[in-house]
Amino acid sequence: MSQFLNSTAGDIVLAMADKIVENRSYLSEIDGKIGDGDHGVNMAKGFGMAAQRIKGRSLSLSEAMETLGNVLMTEIGGSMGPLYGIMFSQFAEVLDGVENIDPATFSAMLHSGLDGIQSIGSAKVGDKTLVDALSPAIDAFDAAIADGESFAQALEPLVAAAEAGRDSTRDLVSKIGRSSRLGERSRGVLDAGATSCAIILEALARGAQGRLQN
Amino acid sequence: MSQFLNSTAGDIVLAMADKIVENRSYLSEIDGKIGDGDHGVNMAKGFGMAAQRIKGRSLSLSEAMETLGNVLMTEIGGSMGPLYGIMFSQFAEVLDGVENIDPATFSAMLHSGLDGIQSIGSAKVGDKTLVDALSPAIDAFDAAIADGESFAQALEPLVAAAEAGRDSTRDLVSKIGRSSRLGERSRGVLDAGATSCAIILEALARGAQGRLQN
Amino acid sequence: MQRFINDPDQVVEDTVKGFVRAHADIVRLADNPRVVVAKTAPVAGKVGVITGGGSGHEPAFIGYTGKNLLDAVAVGELFSSPTAKSFHDAIKAADGGRGVVCLYGNYAGDNMNVKMATKLAAKDGIAVATVVANDDVCSAGPSERDKRRGVAGEIFMWKCGGAKASEGASLEQVRATAQRAIDNCRSVGIGLGPCTLPAVGHPNFSIEPDTMEVGIGHHGEPGVRVEPLKRAAEVARDMCGIVLDDHDLAAGTEVAVLVSGLGATPLNELYILNHTIAEEIEARGLTIHRTYVGNYFTSLEMVGATLTVMALDDELKRLLELEVHSPAMR
Amino acid sequence: MQRFINDPDQVVEDTVKGFVRAHADIVRLADNPRVVVAKTAPVAGKVGVITGGGSGHEPAFIGYTGKNLLDAVAVGELFSSPTAKSFHDAIKAADGGRGVVCLYGNYAGDNMNVKMATKLAAKDGIAVATVVANDDVCSAGPSERDKRRGVAGEIFMWKCGGAKASEGASLEQVRATAQRAIDNCRSVGIGLGPCTLPAVGHPNFSIEPDTMEVGIGHHGEPGVRVEPLKRAAEVARDMCGIVLDDHDLAAGTEVAVLVSGLGATPLNELYILNHTIAEEIEARGLTIHRTYVGNYFTSLEMVGATLTVMALDDELKRLLELEVHSPAMR
Ligand SMILES: Nc1ncnc2c1ncn2[C@@H]1O[C@H](COP(=O)(O)OP(=O)(O)O)[C@@H](O)[C@H]1O
Ligand SMILES: Nc1ncnc2c1ncn2[C@@H]1O[C@H](COP(=O)(O)OP(=O)(O)O)[C@@H](O)[C@H]1O
Ligand SMILES: [Mg+2]
Ligand SMILES: [Mg+2]
Ligand SMILES: [Mg+2]
Ligand SMILES: [Mg+2]
């Protein structure tokens with residue numbers, strides 16, 4: 001199969017939320033090294049709250065993402081509220097009205113999310129932010145599809161690139177956000193946002209794969 | 001010899017000050033258990049300051065004691081300023097004009113000091129204060145003299161009784177001063193003032209003995 | 001010790017110097033550098049109002065010097081009464097010809113030094129009246145109120161006494177009003193972490209993790225008992241219980257509430273306590289007229305908080321409202 | 001954790017509740033419980049003045065709500081920007097018909113949320129002007145001032161902006177004055193001990209005994225470098241060096257000085273620092289017009305202090321002097 005149903009895929013967001021809540025302490029710990037140590041707390045609060053509202057309602061993926069985007073935007077604040085908020089709102093907008101999600105739609109969704117993030121946050125690859133995970137992941141997915149790989153196969157390089165992008169932040173000096181004030185002292189540790197972004201992308205990819213293989 | 005010269009005995013106060021300064025941390029530590037931990041600091045400051053003013057001036061014992069009393073009264077504050085201040089001022093007053101200090105004068109001096117302390121502080125034996133060292137020491141000295149012991153000999157029971165009095169405070173519940181607010185919790189540790197008083201009395205006794213044996 | 005100090009033996013000197021520099025529009029030093037005087041003092045024809053006490057409680061005592069509050073403050077070493085001389089010099093600096101009231105806390109050293117200073121002032125022909133604060137409930141039983149320590153209730157005593165003096169009252173009237181103010185106060189302190197006298201270099205005593213000291217004083221003394229550390233709401237209820245059970249106020253009584261940090265407790269935690277304290281006080285049928293939350297009376301870097309509740313009458317309310325201009329209270 | 005809290009996830013809720021109870025004469029909550037509003041707001045015909053930011057800095061930001069200061073404050077989670085919705089609600093609560101100025105600190109989250117709130121307010125027909133505080137010298141080089149964090153200088157920005165609005169100035173005038181106020185500020189922070197987000201349960205980073213973090217922020221972030229802990233006088237001189245070298249003020253310039261504790265540093269240590277700070281500032285030929293010393297802008301229970309120096313002109317002096325009535329400043 002090279003597409004999956006939007007209408008029955010809302011639970012992917014629940015699985016994603018579970019992963020984020022699971023990694024609450026880990027994400028805060030990473031943020032604490034060069035930020036203010038609240039990334040896991042912020043993320044778990046937002047994703048946990050959204051999961052509460054999604055649970056048991058058998059939403060479509062676009063509806064679930066819209067709920068998540070709204071919760072993040074209006075109730076979370078911080079940097080993650082607007083950044084992930086706009087990302088999921090854009091994801092939802094692209095998927096809205098789509099019955100079957102194919103690789104082209106999926107790619108369009110990812111691009112729109114990245115655009116949203118960059119429109120309000122202006123981060124580029126190399127600035128040591130979540131963009132370092134998101135942007136190469138999208139590129140890897142697009143390249144794999146262009147190389148003729150299947151939707152499900154193309155999600156593997158997406159996950160791998162997100163992880164490599166996350167790992168690349170370790171050697172970067174932060175250029176944006178709270179940690180950018182530390183200059184050289186910000187080198188040597190992972191970026192918290194890139195880490196959560198890799199978790200989100202992996203949950204998204206595994207959720208899609210599960211539905212593609214059915 | 002049953003008396004010693006007032007005029008050349010001022011150095012006794014210096015020796016006393018040395019002992020107090022030496023025991024600075026110890027006295028604060030004891031005070032910290034049931035008080036506010038500053039007894040050694042307060043005492044070392046007062047006695048040290050007085051020693052500075054006495055040193056090299058070959059004062060009489062009464063003059064040195066007057067200096068010490070004044071420094072304590074006017075520059076130290078706390079409880080020790082007035083209490084030991086009045087004690088040494090009273091000591092000095094009794095010795096003032098005396099050429100040779102004999103057992104009767106020495107006893108009168110001690111009594112006057114104790115009276116001074118009780119007139120402003122109202123502590124009785126058993127209240128867990130310096131009075132628990134001072135009062136039995138005076139009694140022991142008076143008893144030994146009444147028993148016909150020499151001045152030098154009678155100073156031994158004085159020192160021993162001061163130490164026993166100090167040790168007796170361990171099992172007392174504080175009735176007066178800062179530690180009295182702790183009730184039963186004040187039992188089980190020495191009283192700081194009784195400890196410093198035993199040090200003062202021992203220095204005084206040893207100084208007098210040194211001069212009596214010459 | 002992770003502290004901003006120079007010489008451990010110069011903490012008080014350095015503090016007072018930096019304080020006078022910061023607030024030179026309100027205070028000055030007397031010739032005696034251990035006496036802080038309001039720039040407005042002495043006010044001819046006004047009863048002088050002074051206090052004094054050990055240092056390490058900043059902004060108390062010096063921070064309450066100023067218009068309609070204290071005319072002069074005698075400054076002691078850390079946690080140690082000022083000398084009789086300093087109390088005496090504060091009395092002289094505050095004397096506007098109608099006598100001076102000395103409003104201080106119930107500590108052995110202060111009692112003795114004030115007594116001596118009063119005698120010295122009498123020789124100068126200055127009439128001195130005294131009020132001894134004893135608002136700290138845990139420091140002695142109800143039958144021994146005269147043995148209790150003075151703690152943050154002193155601030156209300158100074159505020160009301162200072163205002164009364166500014167209204168032109170006589171020495172006896174000021175004394176009586178300040179006495180009523182402190183009689184109407186009850187306080188309690190909870191300690192979560194000890195403090196260190198810089199000259200000593202280590203804390204007096206330790207507070208084990210997950211425990212708290214109930215009935216703690218303002219001088220790094222241990223409390224009257226150790227209890228497991230509870231949630232803020234429960235701590236607040238315990239504090240109210242201790243204070244209000246001893247206070248025994250009729251329903252409908254108006255009160256002023258003071259929640260003070262002990263030095264190293266951040267303000268947000270004091271507000272968290274205040275939330276439940278206010279609920280609890282109102283649940284007992286009392287009416288909160290005014291609340292003060294902040295580091296009003298501290299104990300070096302001790303972690304903890306105190307609660308003071310003062311019962312009000314019309315006069316005390318009026319005196320509490322009179323505007324003041326001091327470093328710690330405006 | 002030896003702290004007065006209830007649920008680690010409810011710290012902000014509980015703080016705001018206890019705050020509003022304590023200061024009900026000055027502030028109220030908007031329908032949105034994350035927006036604190038001055039009881040005087042909105043003032044018809046006056047430019048509204050708001051701010052917002054993460055919690056854990058008490059008395060900032062909420063404590064500066066009140067007459068002639070801030071009309072409304074958006075409240076974020078601990079160390080986390082308020083939502084766009086809360087900024088938007090604060091704007092609405094402050095709007096008196098002449099527009100609203102939002103005076104906030106330079107943090108990614110705040111920048112984004114304020115931008116979104118401004119768009120939402122535009123839809124309501126409310127003109128919003130913004131000023132972004134960037135007074136923290138160590139957070140970026142002089143050529144990148146727009147990257148610097150906003151820290152305690154925000155208080156001067158609020159004070160001057162609030163006063164200007166109360167004088168009846170236009171939105172553009174208030175914006176320009178607040179901008180000048182913050183442009184005239186330079187700040188530095190020194191950390192001696194870290195803080196712990198209650199929901200995290202352990203500090204972000206540790207500060208080794210006998211070391212200090214220079215250039216620390218207000219959010220438990222490490223500083224830009226670690227140095228051996230020095231005597232207070234040397235620390236104070238270093239702080240002045242960092243601030244004044246960057247500031248480069250002409251001799252004779254009048255300045256306002258703010259020495260703030262970070263939450264767990266007792267007031268006496270701040271006065272000790274101030275003593276040398278004042279000496280050092282005057283040694284550079286500057287004149288200190290006014291000094292503020294206290295816990296004005298904190299970082300939970302962090303041990304440390306910040307120094308802010310604002311260059312004054314006649315207008316800023318006048319605005320600084322205008323009386324205010326807020327919980328943190330009167
Ligand atoms: N402008 C930006 N664009 C993209 N990501 C950003 C930006 N600013 C910050 N981030 C991401 O935000 C993460 C920190 O998030 P979080 O700790 O939740 O917020 P805060 O920094 O407000 O405490 C960083 O690790 C970084 O990846
Ligand atoms: N009223 C009193 N009479 C005699 N001794 C007293 C009295 N009050 C206190 N003391 C003594 O003072 C000692 C404490 O002295 P110090 O620590 O220097 O003063 P403070 O209690 O003011 O800190 C106690 O150990 C006790 O022996
Ligand atoms: Mg963070
Ligand atoms: Mg003591
Ligand atoms: Mg003491
Ligand atoms: Mg944050």
Side-chain angles (χ1 to χ4, degrees), chain A residues 24-46 48-49 70-86 89 116-123 127 129-130 174-186 189 192-193, chain D residues 8-9 34 52-56 74-88 106-117 136 138-141 144 147-149 194-205 215-226 299-300:
Chain A
R24 186 175 181 272
S25 311
Y26 176 58
L27 293 172
S28 282
E29 199 187 304
I30 299 176
D31 188 37
K33 299 241 164 72
I34 54 171
D36 58 355
D38 60 357
H39 186 63
V41 175
N42 298 341
M43 292 290 289
K45 187 165 180 183
M49 206 183 269
N70 270 338
V71 166
L72 292 174
M73 291 271 253
T74 59
E75 311 200 28
I76 295 308
S79 325
M80 286 308 104
L83 288 169
Y84 279 134
I86 205 160
S89 298
I117 285 171
Q118 291 184 315
S119 76
I120 62 165
S122 327
D127 286 351
T129 71
L130 57 92
S174 168
K175 291 280 187 319
I176 213 160
R178 204 177 289 287
S179 53
S180 64
R181 279 73 182 231
L182 296 178
E184 274 300 326
R185 223 178 146 180
S186 66
V189 290
Chain D
D9 290 325
R34 290 305 184 91
S55 295
V75 178
E77 268 308 308
L78 291 174
F79 297 166
S80 206
S81 168
T83 60
K85 181 173 186 324
S86 295
F87 273 114
H88 180 210
N106 192 17
Y107 297 93
D110 297 293
N111 282 321
M112 291 183 273
N113 287 297
V114 169
K115 199 190 277 184
M116 287 164 59
D136 187 16
C138 288
S139 54
E144 297 190 305
K147 286 207 169 178
R148 288 182 179 173
R149 290 182 290 234
C195 61
T196 294
L197 284 167
V200 174
H202 58 81
N204 264 353
F205 64 100
I216 204 143
H218 266 156
H219 303 86
E221 311 102 319
V224 292
R225 59 177 185 269
V226 182
S299 181
L300 290 175

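If you're wondering where the values come from, they're calculated on a predicted model, not measured in any experiment. Residue numbering restarts at 1 for every chain, and letters A, B, ... go by the order of the sequence lines. Because only heavy atoms are used, hydrogens play no part in the values below, and waters and symmetry mates are left out as well, while side chains stay in.
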Considering only heavy atoms and a distance below 4.5 Å, find which of A:Gly32, A:Gly81, A:Gly78 pairs most often with chain D.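 Greatest number of close heavy-atom pairs with chain D: A:Gly78.
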
Among A:Ile176, A:Leu83, A:Leu72, which residue has the highest count of heavy-atom pairs closer than 4.5 Å to chain D?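 Among A:Ile176, A:Leu83, A:Leu72, the one with the most close pairs to chain D is A:Leu83.
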
Is any side-chain heavy atom of [Y] closer than 4.5 Å to one of [X]?
X	Y	answer
D:Tyr107	D:Arg149	yes
A:His39	A:Ile30	no
D:Arg225	A:Glu184	no
A:Lys45	A:Ile76	yes

Is [X] in contact with chain A via its backbone, its side chain, both, or neither, using a 4.5 Å heavy-atom distance?
X	value
D:Lys115	side chain
D:Cys195	neither
D:Asp136	neither
D:Arg148	backbone

Using non-hydrogen atoms and a 4.5 Å limit, figure out which bit of A:Thr129 sits close to chain D: side chain, backbone, both or neither.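 Interface part for A:Thr129: neither.
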
Contacting moiety of A:Met80, where chain D heavy atoms sit under 4.5 Å: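 No part of it gets close to chain D.
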
Between [options], who has the most heavy-atom pairs with chain A when the cutoff is under 4.5 Å?
options	result
D:Ala74, D:Gly215, D:Gly223, D:Ser299	D:Gly223
D:Pro82, D:Ser80, D:Ala84, D:Pro203	D:Ser80
D:Val224, D:Val200, D:Thr196, D:Asn113	D:Asn113
D:Met112, D:His88, D:Glu77, D:His202	D:Met112

A:Ser25 side chain to A:Ser28 side chain, donor-acceptor N/O pair below 3.5 angstrom: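 A:Ser28 and A:Ser25 do not have a side-chain donor-acceptor pair below 3.5 Å.
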
I'd like to know if the side chain of A:Ser179 pairs up with that of A:Ser174 as donor and acceptor (distance under 3.5 Å, no hydrogens or angles considered).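 Checked: A:Ser179/A:Ser174 side chains pair up, N/O donor to acceptor below 3.5 Å.
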
Nearest 0.5 Å, please: how far is CD1 in A:Ile86 from CE in D:Met116?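 Taking CE in D:Met116 and CD1 in A:Ile86, the distance rounds to 6.5 Å.
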
Minimum heavy-atom distance A:Asp38-D:Leu78, with the two atoms named: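 Smallest heavy-atom distance, with atoms named: OD2-O, 3.7 Å.
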
